[in-house]
Amino acid sequence: MYVDYTIELTTAGPNMMAVNWLILMLFPCVHPAPNIILFIADDLGYGDLGCYGNTSVRTPQIDSLARDGVKMTQHLTAASTCTPSRSAFLTGRYPVRTGMAATGLMRVNTWPYSSCGLPSSEITFAEQTKKAGYLNGYIGKWHLGLHKDRIGDFEHHPLKQGFDYFYGTIGTNLDDFGYETKVITNQRPYWYGELFTIWAVTAVALWSLLRSKYIGTVMFIVLITLWTVPIICVYLLFENFTLLSSFVHRNFELVEQPIRLAGLSQRLVNEGVEFMQNATVARQPFLLVMSWIHMHVAIKTAKQFEGRSQFGRYGDALEELDWSVGAILKALEQLGHGDNTLIYFTSDNGGHLEIGTDGGYNGFLKGGKTHGAPDGGIRVPGIVKWPSVLPRGKVTDEPTSLMDIYNLVSTAVGVNLPSDREIDGEDILPLLKGDVSVSPREFMFHYCGNRLEAARYRPKGGSKTWKLVTHEPNLIPGSKLCQFVCSCNFNIHLATPKLYDMTSDPGETTPIDSNSKLYRDITPIIQNAIYNHKNSIKPVESQFTWAKLAPKLTWQPCCNGHFPFNCECIDPKYSENFTL
Ligand SMILES: *[C@@H]1O[C@H](CO)[C@@H](O)[C@H](O)[C@H]1NC(C)=O
């Protein structure tokens with residue numbers, strides 16, 4: 001049964017509305033420069049939205065963007081996990097060019113106070129709009145690092161990457177922050193046993209050395225201690241994610257610890273609206289990134305969204321996400337910026353299939369988050385609305401990339417692309433406008449970590465898009481899933497690459513016969529492009545070494561005391577009963 005709850009956009013309640021009208025009257029926007037709002041959801045699947053064919057969820061606000069703008073049906077991220085995908089989004093560059101491609105088991109920046117992060121030498125789209133005098137705000141999940149060399153240098157913080165205002169989480173959301181379960185035991189069900197076995201095997205070996213008099217008692221005690229301490233540290237690290245990684249910053253200041261997930265969407269909306277008001281008062285054009293915490297687990301919504309959907313807490317969060325987008329749009333209208341604002345909506349990667357009903361739905365696509373090259377992990381919703389420039393209700397099936405938004409933003413604000421580095425984004429404005437009908441991008445490369453595992457080819461002529469796949473995820477036999485996440489290291493190299501016709505087979509079900517003329521015609525063209533692309537990659541310092549990824553406990557943020565004591569606080573701006 002479809003029950004239509006209409007959720008009031010209470011952000012636009014009397015107070016906020018009055019404020020916005022007052023601002024509009026006192027500070028009419030005179031600048032012709034467009035404002036820019038970039039919405040990026042976390043782990044939202046390709047099939048999760050009404051405007052992408054889902055008939056049983058309610059996403060009217062996001063759907064309105066597609067109705068009033070251009071919907072891209074073949075829109076691709078540069079990675080199937082958050083950290084690298086977001087780095088590519090911000091810089092318009094493949095993660096392998098910026099050191100943000102994972103090299104090992106850890107594929108995201110797990111501990112926010114590690115030294116891994118987006119190098120400040122990269123030129124983000126915020127640094128581009130800065131050149132045009134924009135006020136830049138980043139609200140929500142960052143996940144691209146904090147400090148680099150010492151505590152307090154904030155080298156990887158949003159304010160060092162071109163943003164003027166930041167409110168949100170430096171790290172990612174995790175099961176531990178909201179559920180009774182732990183992300184480590186979800187990933188590795190036998191984690192405690194594994195850890196104990198690793199300890200015990202070595203302990204037994206040392207014991208036998210002692211017994212056979214290769215080492216003395218003192219040596220034995222020293223060695224066993226040296227071995228036990230790191231094991232206990234690893235245990236404590238993974239056991240205490242909430243204490244260690246759950247916090248909210250406003251600019252450089254730690255304001256909330258641990259994160260109160262219920263109501264966070266409302267706080268993000270409030271911060272976004274205030275930012276737009278401030279920019280309007282300052283008569284400055286603005287760039288606002290709303291990087292939602294939804295749909296990543298742990299999923300918690302404000303009370304009024306609990307139990308509203310037919311899809312459990314995931315569906316509730318989806319409705320809250322949609323409401324949040326709507327609240328920002330409404331405030332934007334009230335501030336008089338409706339027509340001259342470039343609005344973009346996307347997700348950082350596909351839905352996380354391994355976690356079942358708490359993960360997203362990727363529709364007819366194969367695979368999901370962490371899988372590497374299959375489209376389910378990298379093909380995401382992508383909508384651009386810009387009423388004064390773009391047609392309404394247009395749909396393009398041409399391949400485009402999140403990295404293209406870098407170029408789009410640069411063009412919109414009239415700033416040239418950096419000339420001292422390779423930019424992988426393409427100019428899709430003519431395609432969005434409908435001036436051309438073919439993607440400017442002939443080839444696109446799909447990575448798992450730092451390994452290229454597939455490439456996409458959209459010949460200038462013809463009407464088809466091809467995908468050549470060289471590696472596949474190592475799925476549990478008889479299943480379409482990995483154990484919690486896929487690891488690039490275990491992905492399988494295909495002796496004969498598989499070629500798919502993505503136009504008639506978007507689910508990658510039936511590879512083209514490798515003995516066919518078609519295969520022999522298309523494959524070498526793609527292989528040649530891969531060769532050229534690989535040659536264009538210059539070696540760069542990796543941000544994903546163990547040394548960089550390791551948590552630096554002396555950098556641990558603790559808002560009220562001395563770590564690990566009293567690390568709890570509530571932002572005075574948002575008391576317990578703050579609601580929108
Ligand atoms: C719509 O999305 C929900 C939530 O992810 C999913 O469970 C459901 O299968 C989707 N339904 C359709 C018809 O696409």
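Ligands are counted one by one from 1 in listed order, and the atoms in each one are counted from 1 as well.
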**Message:** Taking 4.0 angstrom as the limit and counting only heavy atoms of Val57, give me the atoms of ligand 1 inside it, by number and element.
**Reply:** 1 (C), 2 (O), 3 (C)
**Fill in**
Among non-hydrogen protein atoms, atom 13 (C) of ligand 1 lies closest to Thr55 OG1, 3.5 Å
**Prompt:** Which is it for Arg456 and Asp375 under the salt bridge (charged side-chain N to carboxylate O under 4.0 Å, His left out) test, yes or no, and what are the steps along the way?
**Reply:** CA-CA 11 Å; Arg456 214 175 193 88; Asp375 265 23; 2.7 Å; yes
**Request:** List the closest protein heavy-atom neighbour of atom 12 (C) of ligand 1: residue, atom name, distance to the nearest 0.1 Å.
**Result:** Asn54 OD1, 3.3 Å
**Message:** Can you name the atoms of ligand 1, numbered from 1 with element, that are less than 4.0 Å from a heavy atom of Tyr314?
**Reply:** 5 (O)
**Request:** Could you tell me how the ring of Tyr574 sits relative to the ring of Tyr167: parallel (under 30°), tilted (30 to 60°) or perpendicular (over 60°)?
**Result:** perpendicular
**Asked** Once you round to the nearest 0.5 Å, how far does CG of Leu321 lie from CZ of Phe39?
**Response** 9.5 Å
**Prompt:** Are the two sulfur (SG) atoms of Cys486 and Cys448 closer than 2.5 Å?
**Reply:** no
**Request:** Can you pull out the closest protein heavy atom to atom 14 (O) of ligand 1? Residue, atom name and distance to 0.1 Å, please.
**Result:** Tyr361 CE2, 3.2 Å
**Request:** Determine yes or no for a side-chain-to-main-chain donor-acceptor pair under 3.5 angstrom, with Lys300 supplying the side chain and Gly178 the backbone.
**Result:** yes
**Prompt:** Aromatic ring centroids of Trp386 and Tyr344 under 6.0 Å?
**Reply:** no
**Asked** N/O of Ser56 under 3.5 Å from N/O of ligand 1, yes or no?
**Response** yes
**Item:** Nitrogen or oxygen atoms of Asp48 and ligand 1 under 3.5 Å apart
**Value:** yes
